[in-house]
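The structure appears below as structure tokens.
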Number of protein chains: 2
Amino acid sequence: MPIPFDVLAEPSRRRILDLLLERPHLVGELTEQLGLSQPGTSKHLRVLRAAGLVQVRQDAQRRWYALRPEPLAELDAWLAHYRHLWTGSLDALERHLDAMEDDPR
Amino acid sequence: MPIPFDVLAEPSRRRILDLLLERPHLVGELTEQLGLSQPGTSKHLRVLRAAGLVQVRQDAQRRWYALRPEPLAELDAWLAHYRHLWTGSLDALERHLDAMEDDPR
DNA sequence: CGGTTATATAACCGCAAGGGAATGTAGTGC
DNA sequence: GCACTACATTCCCTTGCGGTTATATAACCG
């Protein structure tokens, strides 16, 4: 499962994830919160499902959508390669910038 | 400076960031590594500059592009809201999933 | 079984974004 | 000053994506 950068690039889809962070939601609830059409919401949910970012639980005609954080954990792992650049005070950030000044080759 | 999700959604641009993580690069070097045309590379660099993800240092006709990690730090901050879902062994992940099973309302 | 609710899918549209070719621009060295 | 190098910008084309409307599917209720 690759990191779904393009999936997260969509503001409405990030909004959905934020809402699902509180609690699972119905499609109708999400539609209302997002302020777009119901089919529009369903399309975004389809993309989120394909990316493994949400999971569904059927309850009669209703579908409860809930968060699935695994892909976000992978994003976190990707970010880890860069994290040393801004963590720590006398850390690699300064050394990185200093090295750039001294020898930008 | 908002989090540049859409900027990171482009594979070539992420590739550029990966290359710049090692060391600063010239546009020509990036062009060769990416395997696309020089104007194509320049267009991506323009987007990355606008997002604050890279900085330039001019050296005669050459331009040294280097990483600017601040926007990635903001992405990291955004991820922090979700991080408790997958960190820790007896942590909120299980409690989150258990709560969903018990009361998926 | 017919109507209603809740969601998914299909069909269509407009636009913005990525890609290449051609051209512009700035700095260098002879 | 002139050719050359290294990038940037412009123009054009094509594709994909987000959005809506209309339609299909499926489960409930009386």
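Proteins come first, then strands; the chains are lettered A, B, ... in the order of their sequence lines, and each starts at number 1. All of these numbers come straight from a predicted model, not from anything done at the bench.
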Hey, what do you get for [atom1] ([X]) to [atom2] ([Y]), rounding to the nearest 0.5 Å?
{"X": "Asp18(B)", "Y": "Tyr82(A)", "atom1": "CG", "atom2": "OH", "value": "3.5 Å"}
{"X": "Ile3(B)", "Y": "Arg14(A)", "atom1": "CD1", "atom2": "CZ", "value": "7.5 Å"}
{"X": "Leu30(A)", "Y": "Leu20(A)", "atom1": "CG", "atom2": "CG", "value": "5.5 Å"}

Tell me the partner of dG30(D), counting only Watson-Crick (N1-N3 plus N6-O4 or O6-N4) or G-U wobble (N1-O2 and O6-N3) with both under 3.5 Å; none if nothing fits.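 Answer to the pairing question: dC1(C), which forms a Watson-Crick or G-U pair with dG30(D).
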Is the shortest distance from a Lys or Arg side-chain nitrogen in Glu29(A) or Arg23(A) to a carboxylate oxygen in the other one below 4.0 Å?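 Yes, this pair counts.
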Where protein sits on nucleotides 18-30 of chain C, one letter per nucleotide: B base, S sugar-phosphate only, - none, heavy atoms under 4.0 Å: SBSBB----BS--
Donor-acceptor pairs under 3.5 Å, side chain of residues 44-53 of chain A to any protein atom, not counting sequence neighbours: which ones?
residue, atom, partner, partner atom, Å
His44(A), ND1, Arg13(A), NH1, 3.2
Arg49(A), NE, Tyr65(A), OH, 3.3

List for me each residue that meets side chain to side chain donor-acceptor pair (under 3.5 Å) alongside Glu74(A), sequence neighbours excluded, and say none if there are none.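 Listed in chain order: nothing, the list is empty.
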Non-neighbouring partners of Asp76(A) that pass side chain to side chain donor-acceptor pair (under 3.5 Å), sequence neighbours left out: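 Side chain to side chain donor-acceptor pair (under 3.5 Å) list for Asp76(A), sorted by chain: Arg83(A), Arg83(B).
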Under the rule for side chain to side chain contact (heavy atoms under 4.5 Å, CB included), what residues qualify as partners of Glu32(A), not counting sequence neighbours?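 With neighbours one apart ignored, the set is empty.
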On DNA chain D, which is the earliest and which the latest nucleotide, 5' to 3', with an atom closer than 4.0 Å to a heavy atom of chain B?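 The footprint of chain B covers dT5(D) to dT9(D).
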